[in-house]
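For reference, the structure is listed below as structure tokens.
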Amino acid sequence: MASELKVRPTSAEHVNLRLQDGLPQRFRAHRTSGHGSSLFRVPSSGEKLEELARLKDTPQSERYELFVKKLRQCRRLFDFQNVLVDLREKEIKRGALTELVEYVTHGRGILAESVYPEVIGMVATNIFRAMPPNERQSDFDPDEDEPFLEEAWPHMQLVYDFFLRFLESPDFQPAIAKKYLNQKFLLQLLELYDSEDPRERDCLKTILHRIYGKCLSLRSYARKQIKHIFLRFVYESESFNGLAELLEILGRQETTKFEIVYHFLSR
């Protein structure tokens, strides 16, 4: 049986408040010339990360508390545009994320109800941010020119991998998860499809498939919000990087404006 954590767990109200209120002030949409990141510039807090014990080397009775500590530790964000800053702390977080992926993949009976807000909170902190405006030149060719890539991908990839393994775990309980994997969370997840990084869009496609399959109460809302993205593309922005992935999720291969209008606006 998991030991009782001495620190107060994150509540559903706290997680939902973060999703509702938007992004912290430290998040900034940012573009660089050439390859860069659409993620965030995070000023160094000066706070040092503590390298925690390894889960596999910890007694079973203490693993739950250590698991939560590592989840909270991984909420720390770093500025990857400065490769010389916080090198040790970045490596500690990378190691912790790698360990969390392994733990949730092979562990059984580890997803207590109190862990769900910790998991969702860590994932939300690491991936949710404002997509920057598209400042590409008019002669940009997506088939020939390389996209902007997320410089924070060494951490983000592990966060996405952890989230996917969490959703695929035999211990995952949709009835508990729906308190945190709610409409606000899903809406922000869909907005991430505008990322220029194809690696991120591929991860998002797989994750949305899992959420769509496991959280039945979100299916109708997901289809509705995807339709809104198509409408926005047709009538407003004419720019959204993840249209092909969203169409694939809905089982459609049409990608032209006319076909989007025909299939979704005529209903």
**Report entry** Minimum heavy-atom distance between L181 and L218, given as atom pair plus value
**Finding:** O-CD1, 3.1 Å

Query raised in the report: With no hydrogens and no angle check, is any side-chain donor or acceptor of D171 less than 3.5 Å from a backbone partner on L111?
Result: no

**Report entry** Backbone of D79 reached by a side-chain donor or acceptor of K90 within 3.5 Å
**Finding:** yes

Query raised in the report: Can you tell me how far the CZ atom of R72 sits from the OG1 atom of T125, to the nearest 0.5 Å?
Result: 12.0 Å

Query raised in the report: Distance from L186 atom CG to L208 atom CG, nearest 0.5 Å?
Result: 6.5 Å

Query raised in the report: Can a salt bridge be assigned to the pair D202 and R199 using a cut-off of 4.0 Å between side-chain N and carboxylate O?
Result: no

Query raised in the report: Shortest non-hydrogen contact from T105 to V101?
Result: OG1-O, 2.6 Å

Query raised in the report: Would you call L97 and H155 a side-chain contact if the rule is heavy atoms closer than 4.5 Å?
Result: yes

Query raised in the report: What's the shortest heavy-atom distance between I92 and L49, and which atoms?
Result: CD1-O, 3.6 Å

Query raised in the report: Does a side-chain N-to-carboxylate-O contact under 4.0 Å join E191 and R232?
Result: yes

Requested in this report: Might you confirm whether atom NZ of K214 has over 12 heavy atoms from other residues, nucleotides or ligands at distances under 6.0 Å?
Outcome: yes

Requested in this report: Would you please test L100 and L71 for side-chain contact (heavy atoms from CB on, under 4.5 Å) and show each step?
Outcome: CA-CA 8 Å; L100 289 174; L71 287 169; 3.9 Å; yes

Query raised in the report: Just wondering, do F67 and E118 contact through their side chains at under 4.5 Å, heavy atoms?
Result: no

Query - Side chains of L187 and Y221 in contact at under 4.5 Å (non-hydrogen atoms) - result: yes

Report task. Decide whether R223 and Y212 meet the rule of one side-chain donor and one side-chain acceptor closer than 3.5 Å. Result -> yes

Query raised in the report: Can you name the nearest heavy-atom pair linking A53 to L66, along with the distance?
Result: O-CD2, 3.4 Å

Report task. Specify the closest pair of heavy atoms between R75 and P117, including all atoms of both residues, with the distance to one decimal. Result -> NH2-O, 3.8 Å

Report summary line: Heavy-atom nearest pair, L190 first then L246, reads CD2-CD2, 4.0 Å

Report summary line: Here the gap from K48 atom NZ to R88 atom CZ, rounded to the nearest 0.5 Å, amounts to 8.0 Å

Query raised in the report: Are Y193 and I229 close enough that some pair of their side-chain heavy atoms sits under 4.5 Å apart?
Result: no

Requested in this report: Before accepting this row, confirm whether a basic side-chain N of the pair E248/K205 lies closer than 4.0 Å to the acidic partner's carboxylate O.
Outcome: yes

Report task. Might you work through the side-chain contact (heavy atoms from CB on, under 4.5 Å) test for Q183 and S217, ending with a clear yes or no? Result -> CA-CA 10 Å; Q183 292 183 358; S217 62; over 6 Å; no

Requested in this report: Check the pair R94 / E91 against salt bridge (Lys or Arg N to Asp or Glu O under 4.0 Å), numbers first and verdict last.
Outcome: CA-CA 5 Å; R94 188 200 63 79; E91 180 59 26; 2.6 Å; yes

Query - Atom pair CZ/OG of R108 and S169 - distance to nearest 0.5 Å - result: 5.5 Å

Query raised in the report: Rounded to the nearest 0.5 Å, how far apart are NZ of K69 and CD of E50?
Result: 7.5 Å

Query - V104 side chain near V119 side chain, heavy-atom distance below 4.5 Å - result: no

Query raised in the report: For the salt bridge (charged side-chain N to carboxylate O under 4.0 Å, His left out) test, which of K56, K70, K93 pairs with E99?
Result: K70

Query raised in the report: What do the steps show when you test N126 against Y160 for side-chain contact (heavy atoms from CB on, under 4.5 Å), and what is the final call?
Result: CA-CA 9 Å; N126 279 273; Y160 277 121; over 6 Å; no

Query raised in the report: Can E102 and R54 be said to form a salt bridge (Lys or Arg N to Asp or Glu O under 4.0 Å), step by step?
Result: CA-CA 11 Å; E102 188 76 11; R54 295 182 60 82; over 6 Å; no

Query raised in the report: For the residue pair F185 and F128, is the inter-centroid distance of their aromatic rings smaller than 6.0 Å?
Result: yes

Query raised in the report: Between R129 and L192, does a side-chain contact (heavy atoms from CB on, under 4.5 Å) hold up when you go through it step by step?
Result: CA-CA 8 Å; R129 77 276 187 194; L192 293 178; 3.5 Å; yes

Requested in this report: If the plane angle is over 60° it's perpendicular, under 30° parallel, otherwise tilted; pick one for F172 and Y116.
Outcome: tilted

Query raised in the report: Would you say the side chain of E200 lies within less than 4.5 Å of the side chain of W153, judging by non-hydrogen atoms?
Result: yes

Report summary line: Rounding to 0.5 Å, atoms OH (Y180) and CD1 (I176) come to a distance of 8.0 Å

